[in-house]
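For reference, the structure discussed in these notes is given below.
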Amino acid sequence: GSWVLYRADETTAGVIELYAADAGGGSNVKLNGPLASGGSVTAFRDLEWNGQRYAVYRADQATAGVFELFAVSIREGGPSQKVSGSLVAGGDVSTDFQVAGSSVFYMADAEVDGRVELYTTNLATPNTRVKLSGRMVAGGSVDNFQISPDGTRAVYLADQLVNEQFELFSAPAAGGTAVRLSSPLPTGKDVWGFKLSPNSSRVVYTANTTLEGTELYSVPIAGGTVTEIVDFGPLTPDVSIGTYQISPDSSFVAYIIFDFTFFRRTLHRVPIAGGTHIF
C-alpha cells in the first residue's frame with residue numbers, strides 16, 4: 001500500500017513505460033530499463049520476495065517486437081532483470097501472466113514459434129524456468145490458465161491431446177506431471193471456460209459435451225471423478241448455461257440458465273460436488 005504503479009508515456013510521447021509513485025507524495029521512479037526502439041511496457045504485476053516488493057512487467061525492452069518478462073525493485077528502481085528466459089526466434093511471452101508468492105507464471109511460445117506453453121519461474125532463480133503444461137500434440141497450445149488461490153496448482157485450458165479440441169488440465173505449480181481434469185470429449189466438443197473454488201479444492205467448468213448445449217461440471221483440482229452438476233438431459237438445444245459463480249465458502253455454485261425459446265433467464269444453485277438444485 002505504499003506505492004502506486006502505473007504505465008504512462010510520461011518521459012517520451014508515445015512510449016509507454018512503467019513508473020512507481022510514493023502513495024504519500026513525492027517523486028516517482030521509472031522502473032523499466034531502456035526500451036528498444038519503438039518498445040513499450042504492456043502489462044505488469046507486483047509481488048514480494050526477500051522482504052521487498054518487486055514489479056514484474058512485460059515489455060519489448062531488449063529487442064523491438066519481442067515481448068519478455070522483467071523484474072525490478074519497486075523501491076529502488078533499476079536495473080531490471082529478465083526472468084522469462086530465452087525465446088525461440090519469433091517467440092513472445094503472452095500478456096496474461098500471473099504471480100503467486102515469489103513465483104511468476106506465464107504463457108509463451110518459448111521453444112517452438114506458435115506453440116504456446118505454460119511456464120513458471122521464481123525470482124530466487126530467475127534464469128531457471130519450469131514447463132508446467134504437458135506435451136502438446138502438433139498444432140496444440142495453451143489457451144489460458146489460472147493459479148489456485150493457495151498457489152499450489154496451475155489449471156489450464158489447451159488443445160494438448162487433440163488439435164483444436166480444448167480440454168482442461170492441472171499441474172503442480174512447482175512443476176510435475178499434468179493431469180487431464182475434464183472428461184473425454186466427443187469429436188468437435190470443447191471445454192469453454194472454468195473457475196477455481198476459493199478453497200482451492202475443486203474446478204467448475206462448462207463444456208458443450210452433448211447436443212443440448214453448454215453444461216456445468218465439477219472436478220477435484222488435482223484430478224478425480226468428474227461430476228455433471230447441471231445436466232439438461234433431453235431438453236432442447238435452446239437451453240444453455242450462462243454465467244456462474246462459486247460461493248465464497250466454496251460450498252455451492254450459483255448459475256443462470258438461458259432459455260432462448262422463451263427468452264427467459266432463471267437463477268439456480270447447486271452444491272459444488274453435485275446434489276439437489278435450488279431454483
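Every value quoted in this text rests on a predicted model; they were computed, and no experiment measured them.
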Seminar exercise, completed: Only one of L157, V226, V191, V203 passes side-chain contact (heavy atoms from CB on, under 4.5 Å) with L181, and that residue is V203

Has the side chain of [X] got a donor or acceptor atom that lies under 3.5 Å from a matching backbone atom of [Y]?
X    : Y    : value
S80  : A71  : no
Q165 : K189 : yes
T206 : E215 : no
R58  : F67  : no
K82  : Q61  : no
S247 : F252 : yes
S197 : S250 : no
D92  : D109 : no
S84  : E68  : no
R75  : W3   : no

Problem set entry | Trace of the side chain to side chain contact (heavy atoms under 4.5 Å, CB included) decision for N28 with Y6 | CA-CA 10 Å; N28 59 7; Y6 63 96; 2.7 Å; yes

Distance, nearest 0.5 Å, that separates [atom1] of [X] from [atom2] of [Y]:
X    : Y    : atom1 : atom2 : result
L118 : D143 : CG    : CG    : 12.0 Å
I246 : L196 : CD1   : CG    : 7.0 Å
R7   : S40  : CZ    : OG    : 7.5 Å
R265 : T243 : CZ    : OG1   : 8.0 Å

Exercise. What pair of heavy atoms forms the shortest contact from S141 to F166, and how long is it?
Worked result: O-CE2, 4.2 Å

Exercise. Looking only at heavy atoms, which two atoms of S200 and D150 are closest? And how far apart?
Worked result: OG-N, 3.0 Å

Seminar exercise, completed: Residue pairs meeting salt bridge (Lys or Arg N to Asp or Glu O under 4.0 Å), one or both in residues 39-55, sequence neighbours left out, come to D46-R53, E48-R53

Could you list the donor-acceptor pairs under 3.5 angstrom formed by side chains in residues 11-22, with sequence neighbours left out?
residue, atom, partner, partner atom, Å
T11, OG1, Y19, OH, 2.6
E17, OE1, K30, NZ, 3.3
E17, OE2, K30, NZ, 3.4
E17, OE2, N32, ND2, 3.0
Y19, OH, T11, N, 3.3
D22, OD1, G24, N, 2.8

Under 3.5 Å, is there a donor on one side chain and an acceptor on the other for [X] and [Y]?
X    : Y    : answer
S201 : N199 : yes
S170 : R153 : yes
Y119 : E111 : yes

For this session: Going by the ring pair (Phe, Tyr, Trp, His ring centres under 6.0 Å) test, name the single residue among F194, Y156, Y205, F145 that passes it with F169.
Result: Y156

Problem set entry | CA sep, side-chain torsions, deciding dist, call: S148, I221, side chain to side chain contact (heavy atoms under 4.5 Å, CB included) | CA-CA 9 Å; S148 62; I221 196 169; 3.8 Å; yes

Seminar exercise, completed: Applying side chain to side chain contact (heavy atoms under 4.5 Å, CB included) to R135 and not counting sequence neighbours gives none

Exercise. Going through the distances and angles, do L161 and V137 end up as a side chain to side chain contact (heavy atoms under 4.5 Å, CB included)?
Worked result: CA-CA 6 Å; L161 303 178; V137 70; 6.0 Å; no

For this session: Give the intermediate values and the outcome of side chain to side chain contact (heavy atoms under 4.5 Å, CB included) for residues N208 and D190.
Result: CA-CA 6 Å; N208 60 337; D190 297 282; 4.2 Å; yes

